[in-house]
Amino acid sequence: MVVLSIAKNELKKYVRDNVVTTLGIFLLLLLSVSVYTGVTYYKSMAEQHAIAEEVARIQWENQGEKNPHSAAHYGTFAFKPVSILSVFDPGVDKYTGVSIFLEAHRQNFAANSIAEDKDSARRFAELTPSFIFAYLFPLFLILAGFRSVISEKESGMYRFLKSQGVTNFQLVSGKTLGLWGILILLFLPFLLIGIFFLMLTDSSQNDVFRFLLTAGIWLIYFGIIINITIAVSAWVKSSGSAMILLLTLWILSTLLVPRLITNLATNIYPVPNTSDFYQAIRTDLLEGIDGHNPYSEHSAAFRDSILVAYGVEDVSELPFNFRGLMLQEGEEFEKRIYDHHFAKIDAIHQQQIGLFTVSSVLSPTLAARLSSMAIAGTDMHAFNHFTADAEEYRISLMRELNMDLKLNAVGDRVVGYTTGSDFFAQNISFTYERPDRVLLDRSQLSPILMLIFWFFLSAVMLIVVTKRSEVVT
Amino acid sequence: MIQALKLSKTYNGSTAVNALDLHINKSEIYCLLGANGAGKTTTINLFLNLTAPSSGIAKIAGLDVTTNPLETKQKLTYIPENLMLYPKLTGVENLQFFCGLSGIKLNDKEAEIYLKESGLQEDARHKRVENYSKGMRQKVGIALAIARSSEVLLLDEPTSGLDPAASNDFANLLTDMKERGAAILMATHDLFRAKETGTRIGIMNKGRLVEELKAEDITHSDLEKIYLNHMKE
């Protein structure tokens with residue numbers, strides 16, 4: 001009852017405070033703009049994705065009479081659909097590339113990232129709901145709440161409240177709830193607009209569930225900021241000190257630590273440059289069969305093993321086209337080499353993400369951003385899931401093409417054999433399906449656990465500060 | 001109602017209150033006079049349990065304040081020198097809030113009645129407290145005491161800084177509270193107001209209660225002489 005009275009009173013004070021209301025309205029405006037630009041971005045990307053996917057398929061099906069292996073080199077594209085939740089948290093989506101060129105013998109990196117089309121100024125601070133939640137909401141909570149408890153001591157109100165029988169625990173709990181109140185006033189419109197938007201679009205239940213979980217992640221993060229803000233306000237001797245201390249913590253958590261860790265991660269776990277990466281692959285490819293070169297040592301060995309297996313003297317006596325088989329064998333060997341090298345890159349990314357996760361013990365902002373991206377399906381895990389799917393598709397498509405050669409080309413030559421639109425139209429097509437599971441990997445759970453750890457740590461901090469200042473002198 | 005039994009408080013070896021014996025009855029205004037640092041505010045803090053006694057007992061309505069902090073606080077209203085209400089709230093809202101802390105729910109009308117009884121002008125009751133004078137804020141404090149039916153009032157230099165008219169208004173309110181049966185302990189520098197309003201007057205010097213007088217037995221000039229003599233000690 002007392003706690004609720006204090007909380008209600010606190011909320012009334014916030015609502016009547018011109019600075020708090022002005023900042024709150026400003027935040028709501030920013031949030032509205034960010035959601036609007038997010039929706040515009042999503043719609044435009046979804047439209048572009050649909051067109052690009054359709055055009056790529058039409059091009060594939062209408063490449064005319066062609067040798068299947070020429071078609072394999074002609075290639076096609078896999079396009080990553082934009083997640084509807086990228087409206088709220090685009091994560092790394094804009095930096096990872098939206099398409100992968102799929103061709104014979106070669107696994108390519110994703111290309112055409114959105115960020116490539118943008119100037120550096122926009123890259124510096126993209127206005128998204130997740131940016132506002134990670135950086136501006138904490139700043140707002142700090143500016144609104146840093147005086148919360150200390151101002152009562154400075155004004156003499158603290159003694160008056162104590163004389164009314166109010167305990168420190170009641171005072172601090174009321175102040176904490178009051179700050180939650182003003183936060184909810186700002187966050188609730190976002191939550192309602194988000195659900196409304198998802199219901200209006202063709203989003204799945206899974207998307208709505210993910211959205212609510214993401215909202216939960218941000219609420220835990222705000223809870224941490226509120227706990228720390230009130231704890232500092234109850235602990236320090238003046239509002240000036242409270243503000244300086246809280247702003248220092250904000251700068252550390254939101255600006256310095258993430259940038260420091262980014263630098264550390266890229267220095268400790270450097271990703272090789274593209275030229276070195278492909279050179280290493282080229283070197284390894286020399287150690288196996290090359291589908292294009294029947295005269296190489298490995299090709300000859302493979303040919304001999306097949307001749308022995310079929311009990312024939314020459315490839316022309318085989319019941320299929322040997323060159324088709326060799327191309328497929330080469331493709332599978334190349335895939336193993338590419339998989340090995342891409343796995344190395346992936347391992348480096350995992351190490352970098354691991355460093356980020358461990359470092360979130362220094363910054364709840366890091367933990368919140370990683371958690372939000374993971375649940376929104378816009379993190380590196382989600383991207384890797386897409387690239388793995390695209391690669392599976394590439395291999396399946398190459399197999400279809402090589403099998404056509406193997407079974408239908410006459411003799412032991414591939415040159416001269418062609419196939420037409422009917423065949424290409426029957427080839428499997430690629431449509432990426434996001435997994436139903438909210439999290440793809442156990443390591444995605446770590447930042448969420450770290451965030452929960454931060455929440456409990458901040459709550460304990462608040463309780464300890466409250467108890468220590470309860471002592472009667 | 002207000003009782004101190006050999007009450008002492010020592011801070012870092014220096015004695016702020018020294019073996020204070022005090023007994024204030026219902027319908028009595030006890031004015032505690034003394035120079036700065038005489039121990040008046042510490043005495044009030046001891047009754048409020050804002051500071052723990054080094055020895056002795058402070059009682060409100062027969063209850064030890066250290067063992068019954070919540071019960072004793074429910075029986076009293078404390079009005080400090082500068083009653084800092086919440087500036088963004090109106091007088092009515094402040095009263096509702098502070099009554100709410102004691103579990104008393106007031107609607108606007110009830111709050112207005114109490115504020116009227118405390119003498120706060122009608123047009124000020126729904127204005128934000130940030131525009132109130134000190135006298136007006138003290139009246140909200142008295143309204144709180146009335147609304148809470150406080151048996152005990154602890155006042156720490158409540159008239160300091162008030163103009164004579166406001167000070168007189170406040171004294172009348174205290175007299176009214178006394179007639180309602182409240183026991184009032186008022187720490188003050190104001191000899192004139194102590195003589196005019198008080199039932200009894202105590203003089204403190206260096207933490208000791210050095211003199212107790214009945215207000216009706218002395219004149220203003222006698223009080224001044226006695227007070228000054230003690231201050232020379």
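Below, read A as the first sequence line, B as the second, and so on, with proteins coming before strands; counting in each chain starts at 1.
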Rounded to the nearest 0.5 Å, the CG atom of N9(A) sits from the NZ atom of K88(B) at a distance of 13.0 Å

Part of I6(A) within contact of chain B (heavy atom distance under 4.5 Å) = both

Name the region of F47(B), side chain, backbone, both or neither, that has any atom closer than 4.5 Å to a heavy atom of chain A.
-> neither

P80(B) versus chain A, heavy atoms under 4.5 Å apart: side chain, backbone, both or neither?
-> side chain

More than 12 heavy atoms of other residues, nucleotides or ligands under 6.0 Å from NZ of K153(A): is that the case?
-> yes

Which atom names give the shortest non-hydrogen contact between Q164(A) and K73(B), and what distance separates them?
-> C-CB, 4.3 Å

So, the part of L48(B) with a heavy atom under 4.5 Å from chain A: the answer is side chain

Does the pair R16(A)/E93(B) count as a salt bridge with the N-to-O cut at 4.0 Å?
-> yes

Sort out for me which of G156(A), G165(A), G174(A) touches chain B most, counting heavy-atom pairs under 4.5 Å.
-> G165(A)

Non-hydrogen atoms of chain B under 4.5 Å away: do they reach the side chain of Q170(A), the backbone, both or neither?
-> neither

Would you indicate whether W180(A), at its atom CH2, is surrounded by more than 12 heavy atoms from other residues, nucleotides or ligands within a distance under 6.0 Å?
-> yes

Heaviest contributor of heavy-atom pairs below 4.5 Å to chain A, chosen from T72(B), T77(B), I79(B), L83(B), is L83(B)

Note: vs chain A, highest number of non-hydrogen pairs under 4.5 angstrom among T66(B), N94(B), N45(B) is N45(B)

Taking atom CZ of R200(B) as the centre, does the number of heavy atoms from other residues, nucleotides or ligands within less than 6.0 Å exceed 12?
-> yes

K12(A) side, atom NZ; T90(B) side, atom OG1 - distance, nearest 0.5 Å = 7.5 Å

Bottom line for L154(B): the part with an atom under 4.5 Å from chain A's heavy atoms is neither

Considering only heavy atoms from C-beta outward, does the side chain of M157(A) approach that of Y86(B) to under 4.5 Å?
-> yes

Based on non-hydrogen pairs under 4.5 Å, which of K13(A), M1(A), K8(A) is most in contact with chain B?
-> K13(A)

Quick one: pull up CZ in R159(A) and OG1 in T41(B) and give me the separation to the nearest 0.5 Å.
-> 7.0 Å

Identify the heavy atoms of L101(B) and S5(A) that sit nearest to each other, and give their distance.
-> CD2-CB, 4.2 Å

Side chains of F160(A) and M84(B) in contact at under 4.5 Å (non-hydrogen atoms) | no

